[in-house]
S.K.: 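Submitted below is the structure of interest, expressed as structure tokens.
Just so we're clear, the structure is a prediction, and the values are computed from it rather than from any experiment. We number each residue from 1, following the sequence as shown.
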Amino acid sequence: MTDAREEWHYDGRHYLLTLVSTQESMDLELDAVGDASGAQGPVLLASCDDETQALTLSSFTDEPLPLDLLERFIAEARRVLPGRA
């Protein structure tokens with residue numbers, strides 16, 4: 001079940017932030033939705049395990065990411081996910 005979507009723009013790159021709730025976890029996903037190179041696909045995933053309430057972060061790119069983007073994503077994950085770091 002998708003709860004919310006928001007577009008972010010960094011350094012000419014476009015990203016889609018999506019909050020998703022499943023039976024096992026609540027996740028915040030950041031996907032590249034296009035840039036000058038046409039790159040698309042998953043970039044970051046923050047997840048809160050429903051049972052343990054642990055927050056985790058996964059990265060799906062070998063490309064360098066702006067530090068501001070990472071900091072904003074982590075801050076947003078802490079704000080919207082119910083778990084503990």
S.K.: Is there a side-chain contact between Trp8 and Leu30, using heavy atoms and a 4.5 Å cut-off?
M.R.: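 They are in side-chain contact.
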
S.K.: For Asp50, enumerate each residue passing the side-chain contact (heavy atoms from CB on, under 4.5 Å) test, keeping only those at least two apart in sequence or located in another chain.
M.R.: none

S.K.: Tell me the closest heavy-atom pair linking Pro82 and Gln53, and the distance in Å.
M.R.: O-OE1, 3.5 Å

S.K.: Hey, can you pull the donor-acceptor pairs under 3.5 Å for the side chains in residues 55-72, sequence neighbours left out?
M.R.:
{"from": "Thr61", "atom 1": "OG1", "to": "Glu63", "atom 2": "N", "distance (Å)": "3.0"}
{"from": "Arg72", "atom 1": "NH2", "to": "Glu6", "atom 2": "OE2", "distance (Å)": "3.4"}

S.K.: Could you state the interatomic distance from CD (Gln40) to CG (Leu16), rounded to the nearest 0.5 Å?
M.R.: 11.0 Å

S.K.: I need the minimum non-hydrogen distance between Cys48 and Asp27, along with the two atoms involved.
M.R.: N-OD1, 4.3 Å

S.K.: Can you hop from Leu45 to Ile74 via hydrophobic side chains spaced under 4.5 Å?
M.R.: no

S.K.: Taking all non-hydrogen atoms of both residues into account, name the closest pair between Tyr10 and Tyr15 and its distance.
M.R.: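 Tyr10 and Tyr15 have their closest heavy atoms at CB-CE1, 4.1 Å.
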
S.K.: For Val80 versus Leu19, what's the shortest heavy-atom pair and its separation?
M.R.: CG2-CD1, 4.0 Å

